[in-house]
Amino acid sequence: TLGGSFLVAVYATPLRLLSLYTTVQKIDLSVAVLRVLLLGSLALFYLNALTALLVTAVILAAQGMMLRRKVAEIVALDSSEDEEQRITLVGLIKKQFLSTLFFAYQGQITIWIITMFGSAEKVADVGALSRLAIIFAIVASILTGLVGPPLARCYNFDGLLQRGRAH
């Protein structure tokens, strides 16, 4: 499922940068309906975590292929990469590695520390704060998806100011 999620994120980005939100949303909706239908029909006969994971993997792969087909209509996928941009991206990834690793395990480490030195009440407090963090994550996701792509198309500060005045 990690590979499918990666494909979906990569192929949805050019469509969002070009403000083709409805295309991405139609594909998201169609695969969501397909996932519900598959899981619902499997629930009638036999459903466990492994079959649900397999359905999710198949659905994500299908979504990635649909997005790739749409992106191929707009972008030349067989073009060669720019070495300078590749070096810049690899540098950014290296700089964010430790931060990403920390955020991946932060919750587990926090719970472990609290169970070692705290009480059940403190674990419940962390759970409540986690739910609050989820609300902020949803807001951040929406802003990243809707506000980020138009800002990414600004090449300089003057272009950003012009976009701000136009709206």
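Side-chain atoms are counted along with the backbone in the values below, which use heavy atoms only and exclude waters and symmetry mates.
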Can you tell me how far apart [atom1] ([X]) and [atom2] ([Y]) are? Round to the nearest 0.5 Å.
X: L92; Y: T88; atom1: CG; atom2: OG1; answer: 7.0 Å
X: Q108; Y: I113; atom1: CD; atom2: CD1; answer: 12.0 Å
X: K95; Y: T100; atom1: NZ; atom2: OG1; answer: 13.5 Å
X: L44; Y: L39; atom1: CG; atom2: CG; answer: 11.0 Å
X: I138; Y: L143; atom1: CD1; atom2: CG; answer: 12.0 Å
X: T23; Y: M66; atom1: OG1; atom2: CE; answer: 12.5 Å

Find out whether [X] and [Y] are in side-chain contact, i.e. whether some heavy atom of one side chain is under 4.5 Å from a heavy atom of the other.
X: I74; Y: L20; value: yes
X: K70; Y: I27; value: yes
X: V90; Y: R86; value: yes
X: V10; Y: L67; value: no

[X], [Y]: one ILVMFWY side-chain cluster at the under-4.5 Å cut-off?
X: I134; Y: L129; result: no
X: L17; Y: L7; result: no
X: L101; Y: I109; result: yes
X: I142; Y: F136; result: no
X: L47; Y: L34; result: yes

Strictly distance-based, threshold 3.5 Å: is any side-chain N or O of [X] a donor or acceptor partner for the main-chain N or O of [Y]?
X: S79; Y: A76; result: yes
X: T13; Y: A9; result: yes
X: S141; Y: A137; result: no

- Message: Between L60 and R35, is the side-chain contact (heavy atoms from CB on, under 4.5 Å) condition met? List the steps.
- Response: CA-CA 9 Å; L60 284 173; R35 181 181 296 161; 4.1 Å; yes

- Of I59, V58, L53, which is the lone residue that meets side chain to side chain contact (heavy atoms under 4.5 Å, CB included) with V55?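 Going through I59, V58, L53 one by one, the side chain to side chain contact (heavy atoms under 4.5 Å, CB included) with V55 is satisfied by I59 alone.
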
- Query: Is Y105 atom OH crowded by more than 12 heavy atoms from other residues, nucleotides or ligands, each under 6.0 Å away?
  - Reply: no

- Message: Around atom CD of E84, are there more than 12 heavy atoms from other residues, nucleotides or ligands closer than 6.0 Å?
- Response: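 Incorrect, the count does not exceed 12.
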
- If you look at every heavy atom in V75 and P14, which pair is closest and at what distance? CG2-CB, 4.4 Å

- Set of residues satisfying side-chain contact (heavy atoms from CB on, under 4.5 Å) with respect to Q106, sequence neighbours excluded: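 Scan of Q106 (side-chain contact (heavy atoms from CB on, under 4.5 Å), adjacent residues dropped) gives F102, F103, T110.
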
- Message: Test side-chain contact (heavy atoms from CB on, under 4.5 Å) on L15 and Y11; report intermediate values, then the result.
- Response: CA-CA 7 Å; L15 297 172; Y11 288 126; over 6 Å; no

